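All residue numbers refer to positions in the sequence shown, counting from 1. What you are looking at is a predicted structure, and each value in this text was computed from that prediction instead of being measured.
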Amino acid sequence: MHNKPVRPVLLVIAHGSRDPRHAATVHALVRRVRSMRPGVRVETGFLDFNIPSVQGVLESLAAEGVRDVVALPLLLTRAFHAKADIPAVLRDAPPQLRIRQAEVLGPSPLLLSALERRLYEAGLTPADKSSTGVVLASAGSTDPEAIAVIAEIAREWRRTGWCAVRPAFASAALPRTQDAVRELRTLGCSRVAVAPYVLAPGFLPDRIARGAAEADVLADVLGPSPEVARVLLERYDEARVPVLAAVGA
């Protein structure tokens, strides 16, 4: 009766980038997750550009005798990587592993809290909300579902008291950040802030930053903020419950 079931290993799956700031940010986030849940083993694997690869981590875990893994895509929207890339990599995993793919991080009220934290860190105050227009700047996607989710987050965030919130995209969809900044000026918001809805620095976040040249405030990327770490653990818990049920826990 007292044998506690072994918690599944949490495998955080990051995209990877040639930009070294990307991996550094991912590792900082994973360190925060570990500190918040010391009883859970957390590993990191990258789809591209960085090591260890997802496949390499899975093979190492299998070789150690690990059975249960929750694979968590470090992604804000359910676009191509979550629907195609990651399931394909997981299908090639060693057969003795039982793997559940967790949901992507967004949307979540905690991520909106993280966006606001970054804006306040960049110099805004809660008293500025009603006179500030915000550009919710995401990396962009060719997936219409992902684009629709970003637009819905912008609508939801607007209801919390901002002058206006407009979505923008660094690639694959319109408008671009600079166009959304100009639109908010035209609407009459007395200041304009750009909030990057991205997890880590890199090529597209740099493009967002360039597009924010005419804005008054540019927030930092979400990075290893405590809210993001909490969302990771929420998605892990949601995914691991069926694993525990399956082993009779």
Side-chain angles (χ1 to χ4, degrees), residues 8-34 41-64 66 69-95 97 99-107 111 114 137-147 149-150 169-173 176-177 196-211 220-225 228-229 231-232 235-236 239:
V9 171
L10 169 54
L11 172 58
V12 175
I13 300 180
H15 185 277
S17 170
R18 290 188 180 91
D19 188 322
R21 295 174 299 168
H22 172 87
T25 303
V26 171
H27 291 311
L29 175 60
V30 167
R31 281 195 299 275
R32 189 182 281 270
V33 171
R34 286 189 185 118
R41 178 175 174 184
V42 189
E43 299 290 344
T44 310
F46 295 91
L47 288 173
D48 212 346
F49 302 117
N50 301 98
I51 53 172
S53 68
V54 175
Q55 192 67 29
V57 176
L58 291 169
E59 286 169 6
S60 296
L61 291 173
E64 278 180 45
V66 169
V69 176
V70 169
L72 193 150
L74 198 58
L75 299 167
L76 294 171
T77 54
R78 261 183 57 75
F80 178 78
H81 294 300
K83 293 176 180 177
D85 277 15
I86 292 173
V89 172
L90 298 179
R91 276 195 297 272
D92 288 338
L97 292 175
I99 304 175
R100 292 190 64 84
Q101 182 176 329
E103 287 297 327
V104 296
L105 301 182
L111 294 176
S138 88
S141 173
T142 53
D143 188 311
E145 180 190 345
I147 297 300
V149 166
I150 299 295
F169 307 94
S171 69
R176 294 282 178 260
T177 303
Y197 189 58
V198 291
L199 286 165
F203 175 72
L204 293 176
D206 284 351
R207 184 181 282 177
I208 290 170
R210 288 194 299 274
D220 200 356
V221 298
L222 295 173
S225 62
V228 175
V231 178
L232 250 93
R235 298 292 178 258
Y236 169 77

Applying side-chain contact (heavy atoms from CB on, under 4.5 Å), run through Leu111 and Val228 and close with a yes or a no.
CA-CA 6 Å; Leu111 294 176; Val228 175; 3.9 Å; yes
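- One finds the CD1 atom of Ile13 at 10.0 Å from the CG atom of Asp85 (value rounded to the nearest 0.5 Å).
- The shortest heavy-atom contact between Ser171 and Arg207 is CB-NH1, 3.9 Å.
- A salt bridge links Asp206 and Arg21; the closest N-O separation between the charged side-chain nitrogens and carboxylate oxygens is under 4.0 Å.
- Between Ile86 and the options Leu72, Val54, Leu75, a side-chain contact (heavy atoms from CB on, under 4.5 Å) holds for only Leu75.
- Proximity of Pro201 to Thr25: side-chain heavy atoms (C-beta onward) are separated by under 4.5 Å at one or more points.
- Checked by atom type and distance alone, the side chain of His22 pairs as donor or acceptor with a backbone atom of Gly16 at under 3.5 Å.
- Closest non-hydrogen pair, Ala239 versus Val70, comes out as CB-CG1, 3.7 Å.
- Using a distance-only test at 3.5 Å, with no hydrogens or angles considered, a donor-acceptor pair links the side chain of Arg32 to the main chain of Pro224.
- Closest approach of Pro73 to Gln101, counting heavy atoms only: CG-NE2, 3.8 Å.
- Side chain of Arg176 to backbone of Phe169: a donor-acceptor contact under 3.5 angstrom is found.
- Ion pairing between Arg78 and Asp143 fails under the 4.0 Å rule for side-chain N and carboxylate O.
- Taking CZ from Arg41 and CZ from Arg34, the interatomic distance works out to 9.5 Å, rounded to the nearest 0.5 Å.
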Pair Thr77-Ile147, side-chain contact (heavy atoms from CB on, under 4.5 Å): steps then yes or no:
CA-CA 9 Å; Thr77 54; Ile147 297 300; over 6 Å; no
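- The two residues Phe46 and Ala23 come nearest to each other via the heavy atoms CZ-CB, 4.0 Å.
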Residue pair Val12, Val33: steps toward the side-chain contact (heavy atoms from CB on, under 4.5 Å) verdict
CA-CA 10 Å; Val12 175; Val33 171; over 6 Å; no
Does Asp19 form a side-chain contact (heavy atoms from CB on, under 4.5 Å) with Phe203? I'd like the steps, not just the answer.
CA-CA 8 Å; Asp19 188 322; Phe203 175 72; over 6 Å; no
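- Taking both residues in full, the closest heavy atoms of Leu74 and Leu105 are given as CD1-CD1, 3.9 Å, listed atom of the first, atom of the second, then distance.
- Among Val198, Leu76, Leu29, the single residue meeting the side-chain contact (heavy atoms from CB on, under 4.5 Å) criterion with Leu222 is Leu76.
- For the atom pair Asp92 CG and Leu58 CG, the distance stands at 10.0 Å (nearest 0.5 Å).
- Listed here is the closest heavy atom pair of Asn50 and Ser17: OD1-N, 2.8 Å.
- No donor-acceptor pair closer than 3.5 Å links the side chain of Tyr236 to the backbone N or O of Val9.
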